[in-house]
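Read the structure below first, then the notes.
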2 protein chains.
Amino acid sequence: MTQDRLSITLSALADPTRRAILARLASGEASVNELAEPFAMSLPAVSKHLKVLEKAGLISRGREAQWRPCKLEAGPLKDINAWLDNYRQFWEESFDRLDLYLQKLQKGDENDRKS
Amino acid sequence: MTQDRLSITLSALADPTRRAILARLASGEASVNELAEPFAMSLPAVSKHLKVLEKAGLISRGREAQWRPCKLEAGPLKDINAWLDNYRQFWEESFDRLDLYLQKLQKGDENDRKS
DNA sequence: TAGTTAATTAACTTGTCGGTTAAATATAAG
DNA sequence: CTTATATTTAACCGACAAGTTAATTAACTA
């Protein structure tokens with residue numbers, strides 16, 4: 001179905017196992033076996049999770065003898081952060097004067113549309 | 001299976017239709033029909049998307065005669081932003097060990113305004 | 001009351017996801 | 001050459017996601 005980049009990244013992150021893997025990789029590279037150790041699931045299951053993360057560009061993998069060390073790649077996280085920028089104003093506690101003004105304008109639009 | 005909050009939010013966002021709905025709601029409340037208008041899909045399909053967004057806490061819904069106006073709720077987005085904090089250092093320009101060390105030393109500076 | 005509009009629910013189809021076990025591949029080490 | 005270790009691939013399964021059409025609920029309107 002050829003999903004867009006952001007959807008691929010977000011759905012890769014929408015799994016606690018995969019987020020835990022990323023958290024582990026934040027403290028350094030690791031092999032598949034090392035990454036699998038904390039989880040109560042088979043190695044092929046972890047291997048699949050890694051493939052999902054790799055397709056999302058969230059990890060990259062090297063070759064070192066029979067090991068395939070995984071490394072965190074944060075680019076896609078940066079993209080999510082950029083997307084969130086569109087909404088920062090909606091969760092910021094205190095609006096400054098400009099924000100309040102824009103809110104008022106917005107309410108005006110809404111009333112116009114309804115009448 | 002009782003998914004965790006963050007997984008629910010991320011999977012709700014991992015769909016371009018739902019993100020488009022949120023984008024629309026960023027400019028004000030809207031009814032289901034208004035939200036459905038831009039999409040080439042049936043109304044029940046949109047209704048389902050809205051239910052997913054509501055369960056994730058990303059929208060709330062009012063009652064106004066036969067309309068059910070939808071409103072953006074950004075709390076869960078704030079949570080994602082907080083989660084991303086764990087990784088900011090990985091996409092910021094300089095992230096070698098020395099720079100990380102210097103960053104830690106500088107953490108007295110509070111104002112992390114975006115560029 | 002009947003009819004229209006807004007939205008949801010029900011029932012169903014199809015495809016993907018996350019897991020399994022068993023087999024295959026690749027490299028290293030005796 | 002054989003065996004052990006690390007990892008992936010294959011085949012399969014149950015659950016769920018995303019869409020459909022048809023029926024239902026809810027509120028307004030003539």
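For the numbers below, each heavy atom of this structure counts, side chains included, while hydrogens, waters and symmetry mates do not. First the proteins, then the strands, lettered A, B, ... as listed; each starts at 1.
With distances taken from any side-chain atom of B:Met41 to the nucleotides C:dT20, C:dG18, D:dG19, the minimum falls on D:dG19. Comparing D:dA6, C:dA6, D:dT20 by their closest approach to the side chain of B:Ser42 singles out D:dT20. Side-chain proximity of A:Pro44 to C:dG19, C:dA22, D:dT20: nearest is C:dA22. Each of D:dT20, D:dA10, C:dG19 was ranked by its minimum atom distance to the side chain of A:Lys48; first place goes to C:dG19. Of the candidates C:dT8, D:dG19, D:dC28, the closest approach to any side-chain atom of B:Ser47 belongs to C:dT8.
One atom, CD1 of B:Ile8, and another, C1' of D:dA17, lie 14 Å apart when rounded to the nearest Å. Going from atom CD of B:Glu34 over to atom P of C:dT5 covers 16 Å, rounded to whole Å. Atom CD of B:Glu64 and atom P of D:dC28 are 10 Å apart (whole Å). Between A:Leu50 atom CG and C:dC17 atom P there is a gap of 16 Å when expressed in whole angstrom units. Here the C1' atom of nucleotide D:dT7 and the CD1 atom of A:Ile59 are 13 Å apart, to the nearest Å. In this structure, A:Glu37 places its CD atom 17 Å from P of D:dT5, rounding to the nearest Å. Whole-Å rounding puts the B:Arg63 CZ to C:dT5 P distance at 21 Å. Atom pair B:Lys51:NZ and D:dG19:C1' shows a separation of 15 Å (rounding to whole Å applied).
For B:Asn33 and C:dA7, the shortest distance from a side-chain N or O to OP1 or OP2 is below 4.0 Å. Note on A:His49: every side-chain N or O is 4.0 Å or more away from OP1 and OP2 of C:dC17. Close to D:dA6, at under 4.0 Å from its OP1 or OP2, lies no side-chain N or O of A:Arg61.
Toward the 5′ end of DNA chain C lies the nearest nucleotide of A:Arg18, the other residue of the pair A:Arg18 and A:Gln66 mapping further downstream. Where A:Trp67 and A:Leu43 meet DNA chain C, the nucleotide closest to each residue was compared, and A:Leu43 sits on the side nearer the 5' end.
Nucleic acid contact for A:Ala65: sugar-phosphate only, since backbone atoms but no base atoms lie under 4.0 Å from a heavy atom of the residue. A:Ser31 comes within 4.0 angstrom of the backbone, heavy atoms only, and of no base.
Side-chain atoms of B:Ile21 and B:Phe39, non-hydrogen and from C-beta on, do get closer than 4.5 Å to each other. Under the 4.5 Å side-chain criterion, counting only non-hydrogen atoms from C-beta, A:Arg24 is in contact with A:Leu35.
Here the shortest heavy-atom pairing between A:Leu22 and B:Tyr87 reads C-OH, 3.5 Å.
Atom CZ of A:Arg68 and atom CD of A:Glu54 lie 7.5 Å apart (nearest 0.5 Å). Rounding to the nearest 0.5 angstrom, the gap separating the CG atom in A:Leu43 from the CD atom in A:Glu37 is 11.5 Å.
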